[in-house]
A.B. asks: 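Below you will find the structure I want to go over with you.
For reference, positions follow the sequence shown, starting with 1. For the numbers below, each heavy atom of this structure counts, side chains included, while hydrogens, waters and symmetry mates do not.
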Amino acid sequence: ARLDGHSRLGKLSPKHSPGLNQRGEQDLHILLLMKEGLTNQQIGESLIERYPQDFPTRDEATRRAQNLILGYGENL
């Protein structure tokens with residue numbers, strides 16, 4: 001547990017360059033597609049194409065996108 005705590009603290013260091021983990025990459029992909037104006041269906045299909053190991057079904061891809069859409073999507 002102590003090593004995990006050290007690792008977590010290291011990520012917060014001002015000199016640390018964190019990058020994105022796989023989930024962060026996926027969220028960024030969704031947000032960029034939202035910004036481009038793609039439909040929810042197109043975003044879900046893109047997730048399946050780009051990350052087939054993480055989104056084997058349309059429902060899983062759509063749910064992941066919807067979570068971000070609800071939080072960051074504009075109300076038109």
A.B. asks: Rounded to the nearest 0.5 Å, what separates atom CZ in Phe55 from atom CD in Gln26?
C.D. replies: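 So the CZ of Phe55 and the CD of Gln26 are separated by 4.0 Å.
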
A.B. asks: Give me the atom names and distance for the closest heavy-atom approach of Asn21 to Gly24.
C.D. replies: OD1-N, 2.7 Å

A.B. asks: Under 4.5 Å between any side-chain heavy atoms of Gln42 and Glu36, yes or no?
C.D. replies: no

A.B. asks: Please give me the minimum heavy-atom distance between Ala61 and Gly44, naming the atom from each residue.
C.D. replies: CB-O, 3.4 Å

A.B. asks: Is there a path of hydrophobic side-chain contacts, each under 4.5 Å between heavy atoms, that joins Leu32 and Ile48?
C.D. replies: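 No, it is not one cluster - the side chains of Leu32 and Ile48 are not joined through contacts under 4.5 Å.
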
A.B. asks: Side-chain contact test, heavy atoms from C-beta onward, threshold under 4.5 Å: evaluate it for Gln41 versus Thr62 and give yes or no.
C.D. replies: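 No, too far: nothing below the 4.5 Å cut-off.
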
A.B. asks: Name the one of Arg63, Arg64, Arg58 that satisfies side chain to side chain contact (heavy atoms under 4.5 Å, CB included) with Glu60?
C.D. replies: Arg63

A.B. asks: Mind listing the closest non-hydrogen atom pair of Ser46 and His29 along with its distance?
C.D. replies: OG-NE2, 2.7 Å

A.B. asks: Which residue, Asn40, Leu68, Leu47, Leu38, forms the side chain to side chain contact (heavy atoms under 4.5 Å, CB included) with Leu33?
C.D. replies: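 Result: among Asn40, Leu68, Leu47, Leu38, Leu38 is the only option passing the side chain to side chain contact (heavy atoms under 4.5 Å, CB included) with Leu33.
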
A.B. asks: Out of curiosity, does Ile30 fall in the hydrophobic cluster containing Leu28 (side-chain heavy atoms, cut-off under 4.5 Å, transitive links)?
C.D. replies: no

